[in-house]
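Here's the structure we're looking at; comments come further down.
Letters A, B, ... mirror the listed sequences (proteins, then strands); counts begin at 1.
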Amino acid sequence: MSRLLTLSAVLLFAFLHLPLLVLAGWSFNHSRFTVWEGFSWQWYGAAFRDQQLIEATVNSLIIALAATAASTVIGTLCAYGLWKRDSRVMTMSLSLSLVTPEIVMGISLLAFFQWLFRFLGVQLGLHTVVLAHISFCIAFVVIVVLARLRTFDGTLEEAALDLGATEWQTFRRVTLPNLTPGIVSAALLAFTISFDDYVITSLVAGVDSETLPMVLYAMARRGANPVVNAISTIIVFGLGAMILVSERLREK
Amino acid sequence: MKRVREICLAPAALTLITLFATPVAILVVYTLLTRGAYGGVEHPYTLDNWGRLFDPLYLSILARSFSVAAVSTGLCLLLGFPLALFIARAGRRKNLYLSLVMLPFWTSLLVRTYAWMFLLRDTGLINTALQATGLIREPLPLLYNWWAVILGLVYGYLPFMVLPLFATLERMDPSLLEAAADLGSRPFDTLWRVILPLSAPGMRAGAILVFIPCLGAYLTPDLMGGGKTILIGTVIQNQFTNARDWPFGAALSLALMAAVMLLLWLQVRRKGETLL
């Protein structure tokens, strides 16, 4: 039976990884069609020369960096507060924000922004995308940082307080350094989630704030396109590397 | 100490109230209004949007969404169980294998879905290869159908099944298995009568974690189904774009959210804890 188990595990790992590996391999195909004609970098070159793709990538990076910075700070503080004493309302709200279907979250944010902008006279744009991303990244940050806090010895804080440190000093000089791997791990995770989001982003983005997933989505729907293979490969390996680092930090 | 905690929770609370609770509250108000001519909403107040949810057309779409999610969840259970069992018994390699399961999951849903489109479309790798070997003349219609959507969902959310199953299987007391073996149980009987019943909590948690995102999925059905398999997520999106019926779209959204909350509540009530 254990041989059968190993065999099925091998098949399942192949199922999980082969599609991406095959896609990555084929992104180096010289031909525009699905017939192998030899190795070539040309689709990568084409991707880097595409002005629309470059602008979309820059937008995605700006959004992901801003959303990561804000959600990491907010989420870390929240995890710290929850670690001191659990708040059922807060954990329930965070869980709810995690399970709410993306399409519902996107629609509700769109309705909210449209309603708000009638009074403020603002338009949809990069800023609305950043706000939306912050709201769905917080829960992921809280999960990762809270897991780290649960392995942190609370008596260290008490010792610092007993020795005359203020609460702020204790947090800044004792707790925070201990949490750093968890916080960096959470930030990397938030970045990948933000960078990859399509559903919510496409709903709250303005005309001038197209992101990379939005461009890729449109290209994927239009049909086979070797340039998409090349960009997909870059995304998989770029984000994959970040996730590996993030997991490593969590295991520390 | 109490004040520090409140200051720490405040930014998150503020964000969730403005960017999560308020938007949902606005949707609730929208369901009671009339559709505007160019999208948006107008007065007078009405309950029609809620009534339309019971239109047979939308009930059948809801039923289809539930069955797609149920079939995907069942397949995830079927595939996830051996994988979780394998990882739970892998000893020192456990973490490596878990990373291998999670890595594609975190990477990019869009790219993972696109990878399958690349394999399955008419001019895709599988059809091209089959045609080259002469097994088929015309490309097989692999993409843009019900099973393609299921495949995409199973591929997308399998890790959500493997993680809780793995956690339950890993905690299982090995002496129970030894006892079964000592008492003359064959491996398959042990699997069927000891391991499977004991892993029920993991199965339940995994099933809910997979079912919820499958039910509300938008990206996968849209790309893999090519607009042919209409599920609730697509209908909601359509109300806010082409159909320009925001009030009804809001009612559909809240109905979907209510279903998701009910499922979450069932899980939380049983375990007595939240997802965090």
Side-chain angles (χ1 to χ4, degrees), chain A residues 1 5-6 8-9 12-13 16-17 19-20 22-23 34-35 74 77-78 80-81 84-85 87 90-95 97-104 107-112 115 131 134-135 138 142-143 146 167 192 196 198-199 213 216-217 220 224 228 232 235-236 239-240 243 247 251, chain B residues 1 4-5 8-9 11-13 15-16 19-20 22-24 26-27 30 40 79 82-83 85-86 95 99-101 103-104 106-112 114-119 121 123-125 128 187-188 212 216 218-219 223 233 236-237 240 246 249-250 253 256-257 260 264 274-276:
Chain A
M1 194 179 86
L5 199 60
T6 311
S8 57
L12 283 161
F13 278 123
L16 284 173
H17 291 273
L20 290 171
V22 169
L23 180 69
T34 339
V35 188
I74 299 173
L77 284 174
C78 180
Y80 185 66
K84 295 226 154 202
R85 197 162 60 86
S87 151
M90 182 55 92
T91 44
M92 262 329 265
S93 319
L94 289 169
S95 306
S97 83
L98 273 181
V99 297
T100 301
E102 276 201 295
I103 187 83
V104 174
I107 293 292
S108 67
L109 281 164
L110 172 66
F112 171 68
W115 170 79
L131 287 174
I134 292 172
S135 80
I138 290 178
V142 173
I143 290 179
L146 201 54
E167 281 184 25
T192 60
D196 180 49
Y198 167 76
V199 179
L216 287 184
Y217 197 93
V228 182
S232 298
I235 294 179
V236 164
L239 295 187
I243 290 301
E247 287 195 345
E251 281 161 21
Chain B
M1 272 318 236
V4 174
R5 172 173 170 273
C8 288
L9 290 183
T15 316
L16 286 176
L19 294 172
F20 183 52
T22 316
V24 173
I26 288 177
L27 277 192
Y30 276 14
L79 298 177
L83 192 53
L85 193 60
F86 172 80
N95 283 337
S99 299
L100 276 177
V101 172
L103 189 60
W106 287 119
T107 306
S108 167
L109 179 62
L110 179 58
V111 169
R112 280 181 301 147
Y114 175 76
W116 278 106
M117 296 174 78
F118 168 76
L119 293 176
R121 68 169 93 234
T123 56
L125 195 59
T128 313
F188 273 105
I212 286 177
Y218 170 77
L219 187 144
L223 286 178
I236 292 176
Q237 195 261 2
F240 281 80
W246 288 30
S253 302
L256 175 59
M257 202 168 161
V260 166
L264 180 68
T274 46
L275 290 178
L276 299 186

As an exercise, state the distance from NZ of K84(A) to CG of L9(B), rounded to the nearest 0.5 Å.
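Separation between the atoms: 11.0 Å.
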Interatomic spacing from CZ in F240(B) to OG in S108(A) - rounded to 0.5 Å
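So the gap between those two atoms works out to 8.5 Å.
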Close side-chain approach of [X] to [Y], heavy-atom, < 4.5 Å:
X       : Y       : value
L16(A)  : L100(B) : no
F118(B) : V22(A)  : yes
H17(A)  : P104(B) : yes
W116(B) : P19(A)  : yes
L219(B) : Y217(A) : yes

So for [X], is it side chain, backbone, both, or neither that comes closer than 4.5 Å to the heavy atoms of chain A?
X       : result
L27(B)  : side chain
L19(B)  : both
I212(B) : side chain
L83(B)  : both
S108(B) : both
L16(B)  : side chain
R121(B) : side chain
L119(B) : side chain

Contacts of type side-chain hydrogen bond (donor to acceptor under 3.5 Å, both in side chains), residue S99(B), not counting sequence neighbours:
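Applying side-chain hydrogen bond (donor to acceptor under 3.5 Å, both in side chains) to S99(B) gives E247(A).
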Show the nearest heavy-atom pair for residues [X] and [Y], with the distance to one decimal.
X       : Y       : answer
S93(A)  : F20(B)  : O-CE2, 4.1 Å
P82(B)  : L5(A)   : O-CD1, 3.6 Å
C8(B)   : Y80(A)  : SG-CD2, 3.5 Å
A12(B)  : M90(A)  : CB-CE, 3.9 Å
A111(A) : W246(B) : CA-CZ3, 4.3 Å
Y114(B) : A220(A) : CD1-CB, 3.6 Å

Between [options], which has the largest tally of heavy atom pairs under 4.5 Å with chain B?
options                            : value
I134(A), V199(A), V228(A)          : V228(A)
I103(A), I243(A), L239(A), L109(A) : I103(A)
P213(A), S87(A), G81(A)            : G81(A)
L216(A), T192(A), T6(A)            : T6(A)

Got a donor-acceptor contact below 3.5 angstrom from the D196(A) side chain to the T107(B) backbone?
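No.
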Residue among A13(B), G124(B), A250(B), G233(B) with most heavy-atom pairs under 4.5 Å to chain A:
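Max contact count across the listed options: G124(B).
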Highest number of heavy-atom pairs under 4.5 Å with chain A: which of T15(B), V260(B), I236(B), L125(B)?
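So the answer, after comparing T15(B), V260(B), I236(B), L125(B), is L125(B).
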Less than 4.5 Å to any heavy atom of chain B: does that hold for the side chain of [X], its backbone, both, or neither?
X       : result
I138(A) : side chain
L12(A)  : side chain
S8(A)   : side chain

Parallel, tilted or perpendicular: ring planes of F13(A) versus F86(B), cut at 30 and 60 degrees:
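Perpendicular, since the angle between the ring planes exceeds 60°.
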